[in-house]
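It should be emphasised that the depicted structure is a prediction, and the values quoted were computed from it without experimental measurement.
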Amino acid sequence: MRLISLLAVPLAVATASPALAKGCVRGAAAGAVAGHLVGKGHAVLGAAGGCVIAHHHYAKQARAQKTVTKTRG
């Protein structure tokens, strides 16, 4: 399980674009806290999951913003 979490974090960070890195950091922080509260050893897994979820959320917002800008422009 630890090997999976050690591979997931760099993979999630590598796939994040620089513009959405702030979302990844925010999600990772929230996920790490939640994972820490769940139990020992879950903070890293929570951070990876939080990063992925926040990255998805911010990417979705960016796509929606592009759509609005194109229709107005």
(request) Give the minimum heavy-atom separation between A54 and G27, together with the two atoms involved. (result) CB-CA, 3.7 Å
(request) Measure the spacing between CD of Q65 and NZ of K60 and express it to the nearest 0.5 Å. (result) 14.5 Å
(request) State the CZ-CD distance between R63 and Q61, to the nearest 0.5 angstrom. (result) 10.5 Å
